[in-house]
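The next block holds one structure in the form of structure tokens; read it before the comments.
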Amino acid sequence: MKATDKKLVVGLEIGTSKVAVLVGDILQDGIVKIIGYGNYPSKGIDKGGVNDLEAVVQCVQQSINQAELTSECNIKSVYLALSGKHISCQNEIGIVPIPEEEVTQEDVENVVHTAKSVRIKNEHRILHVIPQEYTIDYQEGIKNPIGLSGIRMQASVHLITCHNGMAKNMIKAVRRCDVKVDQVIFSGLASSYAVLTEDEKELGVCVVDIGGGTMDIAIYTAGALRHTKVIPYAGNVVTRDIAYAFGTPPIEAESIKINYGCALGSLVKKEENIEIASLGGRPSRILQRQTLSEVIEPRYIELLNLVKKEVCKLQKQLKSESIKHHLSAGIVLTGGASQINGIISCAQKIFNTQVRIGEPLNVTGLIDYSNHPYYATAVGLLHYGKEYFLNKEIESMEKNNFIENWIKKFSNWIKKEF
């Protein structure tokens, strides 16, 4: 089967712990059917930055090969996720006069262009310009201004920027595999596309994608994205603590964390024991599961408190600007490191609000891969690609209609003239 037979989108996430590829087919109802996957342990990347290009290229190639085999498709281009502490955000405002009687698509494009024409950090480039709301004269909180009348329009937008060099290195690794990058998307934004509902965004929600090297945060209130942030600490610091505390190899420490770890010690029975491997071929040892949670719990509390600090800072700022600041839909945790036992109870104590684990929505097909928080970013890339793809289709239909109408008008004019 060739990629041209279907409406295909491909998402590629090059994370600190894994390189994941998902191939999706866009179905009639907007649902994405996962028809192929690739997954390979990550090397040469740390906290979203490339530190060994050759190693990254090999991992990406392995993942793409696997995805091509499982989907029976030839992958030519991908939507690429980007994370790292270099990711930065700012909220800006643009104002333009409304020249005609009512707002047109061109006016909207102009006001958004004005809002993004601001100074950004040196050596940074704009990754996303996401409109929050519009104001026409004295009417605030408008979601779609097209067709409305007024004299002056204002747009509030959320800008996400990234370091140019960091993005270039990631794109270079993909291109070295003879694959084009359709678009680069911030990982945290992609995850929110996969796991959040429109109601949650309206009520106010914070999504936290806890990976191996980074925690990606996206906060929404009143249906708009207000804040994005990458914290360069995540699941790997917990693994490192286990390796140091019990003198066990990092691979074994990761396995112990996944299989026996708990982010809230009070949930562990005192009599539970586990066997752990030792370094240098020494005999394995028996360890109380309670002792393991005494290492894991403080670190998860520390990680989640870093998120809480960001949330509180933003809420204070929104309140001062009279923008809805409550997160009534609470916290949604996703990503590989959100899979640890007891994390919901641990997070509820810290945030003092409702918490849920975010599993990807609106996907079908290879459910084992698509319905797991581990794949939230990759699924989100497919949803992002789907929106882009469908918008392009609409644009092309409108263009064709315009040309058809023009030809009709022209031929009618010719008939009249002759």
Side-chain angles (χ1 to χ4, degrees), residues 15-17 46-48 83-89 186-188 191-192 195-196 200 204-221 225-245 253-254 257-258 261-268 290-320 325-358 373 376-377:
T16 305
S17 11
D46 185 39
K47 301 185 192 301
S83 185
K85 62 179 178 186
H86 60 94
I87 300 275
S88 174
C89 79
F186 167 50
S187 301
S191 299
S192 71
V195 303
L196 295 184
E200 284 176 321
V205 68
C206 170
V207 62
V208 188
D209 186 333
I210 315 174
T214 61
M215 290 193 293
D216 299 333
I217 302 169
I219 304 174
Y220 292 80
T221 73
L225 181 60
R226 306 288 171 186
H227 186 63
T228 41
K229 175 82 177 177
V230 177
I231 295 173
Y233 306 101
N236 283 0
V237 294
V238 182
T239 306
R240 219 167 290 140
D241 283 357
I242 295 168
Y244 281 123
E254 180 68 18
K257 179 182 81 175
I258 292 165
C262 186
L264 198 64
S266 57
L267 299 176
V268 178
Q290 182 92 53
T291 314
L292 176 64
S293 70
E294 282 167 13
V295 171
I296 294 173
E297 185 181 342
R299 188 58 92 177
Y300 264 96
I301 287 171
E302 188 184 347
L303 289 173
L304 294 172
N305 268 317
L306 290 173
V307 176
K308 187 182 179 180
K309 200 171 154 190
E310 282 298 316
V311 172
C312 292
K313 195 165 78 178
L314 176 75
Q315 284 183 313
K316 202 173 171 185
Q317 185 193 322
L318 292 178
K319 196 177 178 182
S320 71
H325 64 283
H326 292 294
L327 301 185
S328 302
I331 309 290
V332 176
L333 303 175
T334 194
S338 71
Q339 289 300 278
I340 195 159
N341 238 324
I343 193 167
I344 291 181
S345 305
C346 179
Q348 278 170 339
K349 281 173 76 173
I350 288 163
F351 294 104
N352 209 13
T353 184
Q354 57 180 323
V355 178
R356 75 171 177 91
I357 299 295
T377 301

Flag, side chain of [X] to backbone of [Y], donor-acceptor distance under 3.5 Å:
X    : Y    : result
R299 : V238 : no
Q354 : S328 : yes
K308 : I350 : yes

Test salt bridge (Lys or Arg N to Asp or Glu O under 4.0 Å) applied to E297 - qualifying residues, sequence neighbours left out
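So E297 forms no salt bridge (Lys or Arg N to Asp or Glu O under 4.0 Å) with any residue.
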For the residue pair [X] and [Y], what are the closest heavy atoms and their distance?
X    : Y    : value
L304 : C346 : CD1-SG, 4.1 Å
V230 : K85  : CG1-N, 3.9 Å
M215 : Y233 : CG-O, 3.3 Å
A337 : Y300 : O-OH, 2.7 Å
V295 : P298 : O-CD, 3.5 Å
L264 : G342 : CB-O, 4.0 Å

Nearest-0.5 Å distance, [atom1] of residue [X] to [atom2] of residue [Y]:
X    : Y    : atom1 : atom2 : result
L314 : K319 : CG    : NZ    : 13.5 Å
H325 : S320 : NE2   : OG    : 10.0 Å
L327 : Q315 : CG    : CD    : 4.5 Å
E294 : D241 : CD    : CG    : 13.5 Å
I331 : T353 : CD1   : OG1   : 6.5 Å
K313 : Q317 : NZ    : CD    : 9.0 Å

Name the atoms and distances for all side-chain donor-acceptor pairs under 3.5 Å in residues 205-214, with sequence neighbours left out.
{"residue": "D209", "atom": "OD2", "partner": "S191", "partner atom": "OG", "Å": "2.5"}
{"residue": "D209", "atom": "OD2", "partner": "T377", "partner atom": "OG1", "Å": "2.8"}
{"residue": "T214", "atom": "OG1", "partner": "S83", "partner atom": "OG", "Å": "3.3"}

Worked verdict on V307 versus K229 for side chain to side chain contact (heavy atoms under 4.5 Å, CB included)
CA-CA 9 Å; V307 176; K229 175 82 177 177; over 6 Å; no
Determine whether C89 and H227 make a side-chain contact, defined as any pair of heavy atoms from C-beta on separated by less than 4.5 Å.
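Yes, close enough: below the 4.5 Å cut-off.
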If you apply the rule side chain to side chain contact (heavy atoms under 4.5 Å, CB included), what do you find for K257 with I340, and how did you get there?
CA-CA 8 Å; K257 179 182 81 175; I340 195 159; 4.0 Å; yes
Among I296, V268, I343, find the one that has a side chain to side chain contact (heavy atoms under 4.5 Å, CB included) with C262.
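The residue from I296, V268, I343 that satisfies side chain to side chain contact (heavy atoms under 4.5 Å, CB included) with C262 turns out to be V268.
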